Protein chains: 2
Amino acid sequence: MRLIVARCSAQYSGRLDTFLPEALRLLMFKEDGSVLIHADAGGYKPLNWMTPPTVIEQTGDLPTRIVVRKHAGKTEDRLEITLAEVLSDVSHDMGAPDSDAALNKDGVEAHLQELLAEQPHHCGEGLRLVRREWPTDIGPVDLMCRDADDEWVAVEIKRTATIESVEQITRYMERLKADPQFATCRAVLAAQSIKPQARVLAQSRGIACVEVDLAVLRGEREPELRLFAA
Amino acid sequence: MRLIVARCSAQYSGRLDTFLPEALRLLMFKEDGSVLIHADAGGYKPLNWMTPPTVIEQTGDLPTRIVVRKHAGKTEDRLEITLAEVLSDVSHDMGAPDSDAALNKDGVEAHLQELLAEQPHHCGEGLRLVRREWPTDIGPVDLMCRDADDEWVAVEIKRTATIESVEQITRYMERLKADPQFATCRAVLAAQSIKPQARVLAQSRGIACVEVDLAVLRGEREPELRLFAA
DNA sequence: AATTGTATATCGTCC
DNA sequence: GGACGATGTACAATT
């Protein structure tokens, strides 16, 4: 990794065109060809960047101009950095790419779907799973189940359910009900948390809402204890 | 800005929980409280991060543990970094935050809307613009036009049109048609590119789809200096 | 503070 | 390789 602190300006052309006026910034060149220009504020996002694969050219002994190129489909993405003053320029050998260990996430939507597929009764009393990722031509329904009366139940799973989640399951229902066999199919929206407006909209469309608790699904916590939690 | 290259591990808990095993990484502490952990590969995105405002605590003379806290609504976001070996630890004074100049963009959706407002016939033969940002109580319609037969046409503009775009214009149409004068109003979805599923959904709802080309729109314009201007 | 809409979104996954 | 959905989306503008 090469880190340059420099007064610089930059021009990007690709999906759009940008111009970055001259100021003091951090330039980051990763081993895989990633290039990032960061200001000393503004959080997460670089001002400009290029994702790999890239080709990097440097003009001048002291770096005065750096051009980063990338083939993006038919067109070429291009980031041109002009350095007016270099305050620091250091490189660090950070080892082989595979020496880096991957980030381990817990609590994403996929986990929730796995757990609910194993315990569909949390989405509604007496539910049995028929299929995960039930295909429709506008995308898959997360869980397709049958209830105690053998009626179809479509379940949409979200970490956080919003109005958009209600729109999504509404679209699926629209699509499913084109087939007479699903004429009486019910809809369930299951999420760790459901926004108030989403709940209202779901209610008005006859879509059931279920809030589920990851810890309960995992059996790490008794459902009863939840009554006393916040 | 403080830059630390170190063998480190990290734990984040907040919207989800993550664990980052020990490896050599770059830690970036911006003046505004932003904290980023970058690997020497992987592009744009930090492995872990915290956006401002944050509170940063450091334990030990030589940094051995750094805890970044942030109040995110009711809960607290927390990033804990454990440093096993510090290879480099430098700070750079990059000047006042306002000394940084903002990025100037050209070619975003707003520009597309400007161009189509000037040349509405690209959204459909014989279209004349009546008003940009036609207000409804659920948000503005991008362009409101009339066609050769003096019928109303509502145009939604996107850089990339997705199913969500179809939902959006559908909501507007629903709202407009509550007023008898728009009973026969047609809908057009104009975008640089339209996703196949969006096209399917639009078709099934009687919404016309038009793909427009920014270069063509610009080519027909007078040679005017728009690049990088506001 | 909460909601909405855009993004050079980025990133995985599945077809 | 293209398309689609999730993301700690981030982020800005608006209510």
Side-chain angles (χ1 to χ4, degrees), chain A residues 10-18 20 34-37 42-52 68 70 72-73 75 77-79 102-103 105-113 133 135-140 142 156-160 162-165 168 192 195-198, chain B residues 11-18 20 34 36-37 42-52 70-75 77-79 102-103 105-113 133 135 137-140 142 156-165 167-168 171 191-200:
Chain A
Q11 273 187 301
Y12 164 79
S13 69
R15 296 200 227 180
L16 53 57
D17 296 280
T18 74
L20 183 62
S34 309
V35 178
L36 293 78
I37 304 180
Y44 179 90
K45 245 185 134 171
L47 293 165
N48 281 110
W49 70 92
M50 294 283 275
T51 50
V68 186
K70 170 177 180 157
T75 59
D77 275 27
R78 179 194 166 94
L79 175 64
L103 182 69
K105 293 186 183 186
D106 181 43
V108 295
E109 186 185 299
H111 297 141
L112 200 56
Q113 192 186 121
E133 305 285 348
T136 78
D137 54 6
I138 56 167
D142 285 338
E156 176 64 29
I157 299 170
K158 283 279 181 288
R159 221 161 48 86
T160 305
T162 64
I163 284 184
E164 278 321 302
S165 315
Q168 191 179 343
Q192 283 183 274
K195 298 262 184 187
Q197 292 192 347
Chain B
Q11 274 186 300
Y12 164 78
S13 69
R15 298 200 225 177
L16 53 57
D17 297 282
T18 74
L20 183 62
S34 309
L36 293 79
I37 304 179
Y44 180 89
K45 239 184 140 172
L47 293 165
N48 281 108
W49 70 93
M50 293 285 273
T51 51
K70 169 176 181 159
H71 295 292
K74 295 172 186 176
T75 60
D77 273 27
R78 180 192 164 94
L79 176 64
L103 182 69
K105 296 185 183 187
D106 180 49
V108 294
E109 183 185 303
H111 299 139
L112 196 58
Q113 192 186 120
E133 303 285 347
D137 53 7
I138 55 167
D142 287 337
E156 176 64 29
I157 299 169
K158 285 279 181 285
R159 224 161 50 86
T160 305
T162 65
I163 282 184
E164 280 321 303
S165 316
E167 296 289 10
Q168 193 180 342
R171 287 196 295 272
Q192 283 183 269
S193 95
I194 299 175
K195 301 277 183 186
Q197 291 194 351
R199 204 181 283 275
V200 169

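Everything quoted here is computed from the prediction, not taken from an experiment. In the text below, chain A, chain B and the rest are named by the order of the sequence lines, each starting its count at 1.
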Visitor: Using atom types as modelled and distance alone, determine if a side-chain donor or acceptor of B/S34 lies under 3.5 Å from a backbone N or O of A/G43.
Guide: yes
Visitor: Send over the distance from B/Q192 CD to C/dT6 C1', rounded to a whole Å.
Guide: 13 Å
Visitor: Restricting to salt bridge (charged side-chain N to carboxylate O under 4.0 Å, His left out), what partner residues turn up for B/D17, sequence neighbours left out?
Guide: none
Visitor: Considering only nitrogen or oxygen atoms on both sides, find all protein atoms under 3.5 Å from nucleotides 11-15 of chain C and state each distance.
Guide:
| residue | atom | partner | partner atom | Å |
| --- | --- | --- | --- | --- |
| C/dC11 | OP1 | B/G42 | O | 3.0 |

Visitor: What is the distance, to the nearest angstrom, from the CG atom on A/N48 to the P atom on C/dA7?
Guide: 16 Å
Visitor: Looking at D/dA6, C/dT4, C/dT8, which one has an atom nearest to any side-chain atom of B/K105?
Guide: C/dT8
Visitor: Does A/G14 or A/E164 map to a spot on DNA chain C nearer the 5' end, using the closest nucleotide for each?
Guide: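 Looking at DNA chain C, the more 5' nearest nucleotide goes with A/E164.
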Visitor: Taking OP1 and OP2 of D/dA3, is either one under 4.0 Å from a side-chain nitrogen or oxygen of B/R199?
Guide: no
Visitor: Nearest whole Å is fine: how far is C/dT10 P from A/L103 CG?
Guide: 19 Å
Visitor: For B/P196 and A/E109, take the nucleotide of DNA chain D holding the closest heavy atom to each; which residue's nucleotide lies nearer the 5' end?
Guide: B/P196
Visitor: For B/E109, check salt bridge (charged side-chain N to carboxylate O under 4.0 Å, His left out) against everything at least two apart and list the hits.
Guide: none
Visitor: Is the shortest side-chain N/O distance from B/R171 to OP1 or OP2 of C/dT4 below 4.0 Å?
Guide: no
Visitor: Between N or O atoms, less than 3.5 Å apart, protein on one side and nucleotides 12-15 of chain D on the other: list the pairs.
Guide:
none

Visitor: State whether B/Q168 places a side-chain N or O below 4.0 Å from either non-bridging phosphate oxygen (OP1 or OP2) of C/dT4.
Guide: no
Visitor: Could you tell me the separation between the NZ atom of A/K195 and the C1' atom of C/dT3, rounded to a whole number of Å?
Guide: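 Whole-Å distance recorded here is 9 Å.
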Visitor: Taking C/dC11 as the reference, what is the distance to C/dA7 when you measure between their C1' atoms (whole Å, please)?
Guide: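 It works out to 14 Å between them.
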Visitor: Excluding sequence neighbours, so at least two apart, what forms side-chain hydrogen bond (donor to acceptor under 3.5 Å, both in side chains) with A/T51?
Guide: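 In terms of side-chain hydrogen bond (donor to acceptor under 3.5 Å, both in side chains), with neighbours along the sequence ignored, A/T51 is linked to A/K70.
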Visitor: My understanding is that only residues two or more places apart in sequence, or in another chain, count here; which of them pass salt bridge (charged side-chain N to carboxylate O under 4.0 Å, His left out) with B/R15?
Guide: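 B/R15: no salt bridge (charged side-chain N to carboxylate O under 4.0 Å, His left out) contacts found.
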Visitor: Figure out the NZ/P separation between A/K158 and D/dG5, and round it to whole Å.
Guide: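 Whole-Å distance recorded here is 9 Å.
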Visitor: CG of A/L47 versus P of C/dT8: gap in Å, rounded?
Guide: 12 Å
Visitor: Taking atom P in both C/dG5 and D/dG8, what distance in whole Å separates the two?
Guide: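 23 Å, rounded to whole Å.
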Visitor: Among the nucleotides D/dG8, C/dT8, C/dT4, which one has an atom lying closest to any side-chain atom of B/Y12?
Guide: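 Nearest nucleotide to the side chain: D/dG8.
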Visitor: Nearest-Å distance, CD1 (B/I157) to P (C/dT6)?
Guide: 11 Å
